[in-house]
2 protein chains.
Amino acid sequence: MSAGEVRGRKLRADVQRNRAALLETAQRHFLQYGVGTSLEAVAKEAGVGPGTLYRHFPTREALLAAVLQTRSEELVARQADIDRLGDPVVALEQWLRAMEEYFSAFSGLPDPLMAAARAQEPDNPLTIPCHILITATDQYVRAAQRAGRVRASVRGNDLFLAACSVAWIKGTGTEEESLDRLRTLIASGYRQQDSPA
Amino acid sequence: MSAGEVRGRKLRADVQRNRAALLETAQRHFLQYGVGTSLEAVAKEAGVGPGTLYRHFPTREALLAAVLQTRSEELVARQADIDRLGDPVVALEQWLRAMEEYFSAFSGLPDPLMAAARAQEPDNPLTIPCHILITATDQYVRAAQRAGRVRASVRGNDLFLAACSVAWIKGTGTEEESLDRLRTLIASGYRQQDSPA
DNA sequence: ACCTGAACACCGTTCAAGT
DNA sequence: ACCTGAACACCGTTCAAGT
């Protein structure tokens, strides 16, 4: 998708400028103040009226999803690197870390993401990336299970929830050491013990 | 602590009434709308001005902690029942569930609780219950470790974080089945495998 | 000593009026 | 077709004035 198009429709020059300014400003504000940042302030700093922001992005989730677009694509692209790793458990671990970083892009992001993951409402634009992530997680889980390295009872959704939890804990300001301990606990939970032959 | 006293000081009758009305109304609003509910609405429905609410409870956390007081005491009291169980792993499991229910008292509660658990600021009244819970969790973990039933690497804080995470996930509207799967994953993570003798 | 409620500075969201 | 910004209904918090 080129910069001047939205769903294939060419846009007037001023509309493109407004959209780009809104996205750029919103990203900066999400980074600095978290997902709950004032949309009024975003509009003002982008040099547009509040109505223009709502016209482009009817909900906060729509704006969030648009700002996350680039990161979503990067995450999907990263799968190619991960798939080249050979060891399916290492691949699963790296994938979980990659998701965690994605969830940690802005403070407070895990909440709307979880809401979207649960949602039946198909109008929430965050639902799509969530479903993609759960499906991808499931594939890594199955690959590791085929190699007998992950418990048969584990499903992709379980580890999606776990990764989202770790990102949420991280967002509350917990030190990296405690996070690592939690990650280790979770890894002990899904790994298949080597049966001593 | 009797109803008409705060830290041992006797209170004027109208002050008692205001305090009680605020707590009662706040609990109802926290239950119905979550921890982010409008304090202005609470004051109005309690029949007092906003200034009176702020005089009694200078921050949202102070009001939350006061409303949680009863539940905090119940949770501590429940330890006596749990301690009578015999099996240290069953005791640990029940304790984790009891904490989880406490964290789930109001929607959005895990966030201020985690913030308080991290905080160095001793003026946050939620910090005290958090530290009590972490210490208690650590005792259950150690007892189960002495019996060789929980991995030596696990600490109380790890399972405090895990229980808080599950409560957070629960608060996002995830179905009970998914929660149970997550709890099982965590339990697999902390349980010591029976070494096949 | 405590309470009241007006006042201030914010916010999300809509929509008539403009270009 | 798109943008503007005033307008409305909210909110947290403070503080002078009352009792």
Side-chain angles (χ1 to χ4, degrees), chain A residues 3-26 29-30 32-67 107-108 111-112 115 123-125, chain B residues 3-26 29-30 32-67 107-108 111-112 115 123-125:
Chain A
E5 300 185 10
V6 169
R7 261 165 292 156
R9 275 190 8 261
K10 289 217 176 105
L11 296 173
R12 235 168 57 182
D14 58 336
V15 177
Q16 288 181 34
R17 264 201 316 276
N18 282 338
R19 196 186 139 88
L22 281 169
L23 284 175
E24 194 274 328
T25 310
H29 281 235
F30 283 145
Q32 191 156 10
Y33 308 108
V35 297
T37 193
S38 159
L39 297 185
E40 198 191 21
V42 169
K44 190 172 291 182
E45 199 175 310
V48 303
T52 304
L53 189 155
Y54 279 91
R55 165 171 283 268
H56 281 272
F57 308 103
T59 63
R60 187 181 291 271
E61 282 73 31
L63 180 55
L64 249 182
V67 170
S107 106
D111 287 86
D123 52 324
N124 186 332
Chain B
E5 300 183 10
V6 169
R7 263 165 292 157
R9 275 189 10 260
K10 289 215 177 106
L11 295 174
R12 235 168 56 183
D14 58 335
V15 177
Q16 287 182 35
R17 265 200 316 276
N18 282 339
R19 196 187 140 87
L22 281 168
L23 284 175
E24 194 275 329
T25 310
H29 281 236
F30 283 145
Q32 191 157 11
Y33 307 108
V35 297
T37 193
S38 160
L39 298 185
E40 197 191 22
V42 169
K44 191 171 291 183
E45 200 176 309
V48 304
T52 304
L53 189 154
Y54 279 91
R55 166 171 283 269
H56 281 273
F57 308 104
T59 63
R60 187 180 292 270
E61 281 73 29
L63 180 56
L64 248 182
V67 171
S107 106
D111 286 87
D123 53 324
N124 186 332

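Throughout, a chain's letter reflects where its sequence line sits, starting with A, and its residues are numbered from 1.
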#### Entry: Nucleotide D:dC2, atom C1' - distance to CZ of A:Arg19 in whole Å
15 Å

### Query
Rounding to a whole Å, what distance do you find between B:Phe57:CZ and D:dT13:P?
15 Å

### Query
Nearest-Å distance, CZ (B:Arg17) to C1' (C:dC3)?
12 Å

### Query
Whole-Å distance between C:dG12 P and A:His29 NE2?
12 Å

### Message
Students often get this wrong, so: under 4.0 angstrom with heavy atoms, is A:Thr37 touching a base, only sugar-phosphate, or nothing?
### Response
sugar-phosphate

Show each protein N/O and nucleotides 14-19 of chain D N/O combination with a separation under 3.5 Å, one pair to a line.
none

### Task
Specify the separation, in whole Å, of atom CG of A:Leu39 and atom C1' of C:dC10.
14 Å

### Task
Quickly work out the A:Glu40 CD to D:dC8 C1' distance and round it to whole Å.
13 Å

### Task
Give the dot-bracket string for DNA chain D, reading 5' to 3', where a pair is Watson-Crick or G-U wobble with both distances under 3.5 Å, ( ) marks pairs inside the strand, [ ] marks pairs crossing earlier ones, | marks a partner on another strand, and . marks unpaired.
||.|||||...|||||.||

### Summary
Ranking D:dT13, C:dC3, D:dC3 by distance to the side chain of B:Asp14, first place goes to C:dC3

### Query
In whole angstroms, how far is the P atom of C:dT4 from the CZ atom of B:Arg55?
11 Å

### Query
Are the side chain of A:Arg60 and the backbone N or O of A:Val35 linked by a donor-acceptor pair below 3.5 Å?
yes

### Nearest non-hydrogen partners of A:His56 and A:Asn18, listed with the distance
NE2-CB, 4.1 Å

#### Entry: Short side-chain N/O contact to C:dC3 OP1/OP2 from B:His56, under 4.0 Å
yes

### Query
In terms of the nearest nucleotide of DNA chain D, which residue is placed more toward the 5' end: B:Arg60 or A:Gly49?
A:Gly49

#### Entry: Phosphate OP1/OP2 of D:dC2: any A:Asn18 side-chain N/O under 4.0 Å
no

### Query
When the distance from CG of A:Leu53 to P of D:dG5 is rounded to whole Å, what number comes out?
14 Å

### Query
Can you find a heavy atom in the side chain of B:Arg19 that is under 4.5 Å from one in the side chain of B:Leu22?
no

### Message
On the nucleotide D:dC10, are OP1 or OP2 found under 4.0 Å from the side-chain N or O atoms that B:Ser38 carries?
### Response
no

